[in-house]
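Below: the structure, in structure tokens.
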Amino acid sequence: MLLAVDVGNSQTVIGVFDGAELAQHWRLSTQASRTPDEWAMLFGGLMEFANLSFSRNVHGVIIASVVPLVTETLRDMTRRYFRFDPVVVEAGMSTGIDIRTENPREVGSERLVNALAAYVRYGGPGIVVDFGTATNFDVYAADGAFIGGAIAPGVQSSIDALTARGAQLGAIELAVPQFAIGRNTVENMQSGAVYGFAGQVERIVAEIGRELDTEMVVVATGGLAGVVVQTCRCFDHHNPWLTLEGLQLVWERNT
């Protein structure tokens, strides 16, 4: 089985593939202070709950990470517990995607993986909107090439900043409000967050489509996509595990 690990700034998504099939998946908080042994214990415990063996069932590891310290820790864990090196998605490796930007090496690995998975699964041209610590708009051409996109502040990051700076504003649950006109502070904040980000997404997607002058496949992914997707009219697909699927494709192309 293949262990695929997508390390974001806020969350780490883990998947176990049996061939091309995503057999199990989990979502954890990203903590850069974890040691190789702690990561191994976490992975082993999750797999045990799914009746899988960390030591016997895993025959390959692939990692996409935006947190360099965690990347190195996971490298050490893989070498220590499996006696082989993981495949790490980074600049210069073969992903099967042509990068048509001014500086290809500055493109985040998860953005390339998202574009690859969306192109293979849904065709192109298209946009992947990844709702994480930041909201990434990953644009790929009709032939699958990554051509750029946009980066906006993330949903939860923006709410956290608002509550930190507003003396009378407390933490809220990110949920679709019953009405756009809130009747209390929580409903006001939920309306502003959910409908505000939905409007942002729809406007950016529309501008990208206008510039390219073509119909595009629009795919939502990421841990915070579920709520915003409910109020957006621009999405064709919602796939929470798109990045893991892309990692499995990169693994196939590099081993």
Side-chain angles (χ1 to χ4, degrees), residues 1-18 22-91 93 95 106-114 117 130-136 151 153-161 163-164 171 174 221-226 240-248 250-251 254-255:
M1 287 186 158
L2 171 66
L3 177 65
V5 187
D6 170 31
V7 182
N9 287 297
S10 301
Q11 295 185 343
T12 295
V13 184
I14 306 158
V16 177
F17 285 87
D18 185 359
L22 181 58
Q24 294 290 338
H25 49 72
W26 303 276
R27 194 179 294 274
L28 304 172
S29 63
T30 298
Q31 295 183 25
S33 61
R34 285 188 180 125
T35 67
D37 297 324
E38 288 173 324
W39 280 109
M41 288 180 61
L42 277 171
F43 293 160
L46 291 170
M47 293 184 69
E48 184 177 350
F49 280 122
N51 294 318
L52 298 171
S53 171
F54 179 72
S55 60
R56 294 192 304 274
N57 291 129
V58 175
H59 301 111
V61 177
I62 184 167
I63 301 163
S65 174
V66 298
V67 185
L69 182 58
V70 177
T71 307
E72 291 309 308
T73 303
L74 291 175
R75 283 187 199 268
D76 291 344
M77 181 211 73
T78 305
R79 291 165 179 159
R80 182 178 303 178
Y81 284 89
F82 298 120
R83 308 292 183 187
F84 56 73
D85 286 325
V87 172
V88 179
V89 183
E90 53 194 351
M93 79 171 300
T95 59
E106 71 181 8
V107 180
S109 59
E110 80 286 357
R111 302 186 73 183
L112 300 178
V113 169
N114 282 341
D130 189 350
F131 294 88
T133 303
T135 302
N136 288 341
I151 300 175
V155 179
Q156 192 62 55
S157 302
S158 297
I159 294 173
D160 290 345
T163 56
L174 185 62
T221 193
L224 300 175
W241 315 112
L242 185 74
T243 311
L244 293 180
E245 293 177 7
L247 286 173
Q248 190 272 333
V250 173
W251 169 267
N254 283 270
T255 58

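What's counted below: heavy atoms across the whole structure, side chains too, no hydrogens, waters or symmetry copies.
- Judged as a salt bridge (charged side-chain N to carboxylate O under 4.0 Å, His left out), and not counting sequence neighbours, Asp18 has no contacts.
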Exercise. Going through the distances and angles, do Asp130 and Arg111 end up as a side chain to side chain contact (heavy atoms under 4.5 Å, CB included)?
Worked result: CA-CA 8 Å; Asp130 189 350; Arg111 302 186 73 183; over 6 Å; no
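- Checked against ring-ring contact (aromatic ring centres under 6.0 Å, His included), Phe131 has no partners two or more places apart in sequence or in another chain.
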Scan the side chains in residues 7-17 for donor-acceptor partners under 3.5 Å anywhere in the protein, sequence neighbours excluded, and list what turns up.
{"from": "Ser10", "atom 1": "OG", "to": "Thr133", "atom 2": "OG1", "distance (Å)": "2.5"}
{"from": "Gln11", "atom 1": "OE1", "to": "Arg27", "atom 2": "NH1", "distance (Å)": "3.1"}
{"from": "Thr12", "atom 1": "OG1", "to": "Thr30", "atom 2": "OG1", "distance (Å)": "2.8"}

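- For Trp251, there are no ring-ring contact (aromatic ring centres under 6.0 Å, His included) partners, not counting sequence neighbours.
- Applying the side-chain hydrogen bond (donor to acceptor under 3.5 Å, both in side chains) rule to Gln24 yields no partners; only residues at least two apart in sequence or on another chain are considered.
- Residues satisfying the side-chain hydrogen bond (donor to acceptor under 3.5 Å, both in side chains) criterion with Thr221, sequence neighbours excluded, are absent altogether.
- The salt bridge (charged side-chain N to carboxylate O under 4.0 Å, His left out) test applied to Glu72 returns Arg75, not counting sequence neighbours.
- Applying the ring-ring contact (aromatic ring centres under 6.0 Å, His included) test to residues at least two apart or on different chains, the pairs with a partner in residues 47-80 are Phe54-Phe82.
- Note that CE of Met41 and CD of Glu48 are 11.0 Å apart. Values are rounded to the nearest 0.5 Å.
- The side-chain heavy atoms of Glu90 and Thr71, taken from C-beta on, include no pair separated by under 4.5 Å.
- Partners of Arg34 according to the salt bridge (charged side-chain N to carboxylate O under 4.0 Å, His left out) rule, which considers only residues two or more places apart in sequence or in another chain, do not exist here.
- Legend: residues meeting side-chain contact (heavy atoms from CB on, under 4.5 Å) with Ser109, ordered by chain and number and at least two apart, are Ala64, Val89.
- Contact detail for Pro36 and Tyr81: the closest heavy-atom pair is O-CE1, 4.3 Å.
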For this session: Take Gln248 and Leu2 through the side chain to side chain contact (heavy atoms under 4.5 Å, CB included) test and state the conclusion after the steps.
Result: CA-CA 8 Å; Gln248 190 272 333; Leu2 171 66; 4.1 Å; yes
Exercise. What do the steps show when you test Val70 against Trp39 for side chain to side chain contact (heavy atoms under 4.5 Å, CB included), and what is the final call?
Worked result: CA-CA 10 Å; Val70 177; Trp39 280 109; 3.8 Å; yes
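- Contacts classified as side chain to side chain donor-acceptor pair (under 3.5 Å) and involving residues 49-58 (residues at least two apart or in different chains) are given here: Ser53-Ser55.
- No side-chain heavy atom of Leu42 sits under 4.5 Å from any side-chain heavy atom of Gln31.
- Applying the side-chain hydrogen bond (donor to acceptor under 3.5 Å, both in side chains) test to Thr135 and every residue at least two apart in sequence or in another chain returns nothing.
- The CG atom of Asn136 lies 8.0 Å from the CG atom of Asn114; values are rounded to the nearest 0.5 Å.
- Across all non-hydrogen atoms, the minimal contact from Leu69 to Ala32 is CD2-O, 3.5 Å.
- Minimum interatomic distance between Val58 and Val61 (heavy atoms only, all atoms of both residues): CG1-CG2, 4.0 Å.
- The CH2 atom of Trp241 sits 13.0 Å away from the CG atom of Leu247 when rounded to the nearest 0.5 Å.
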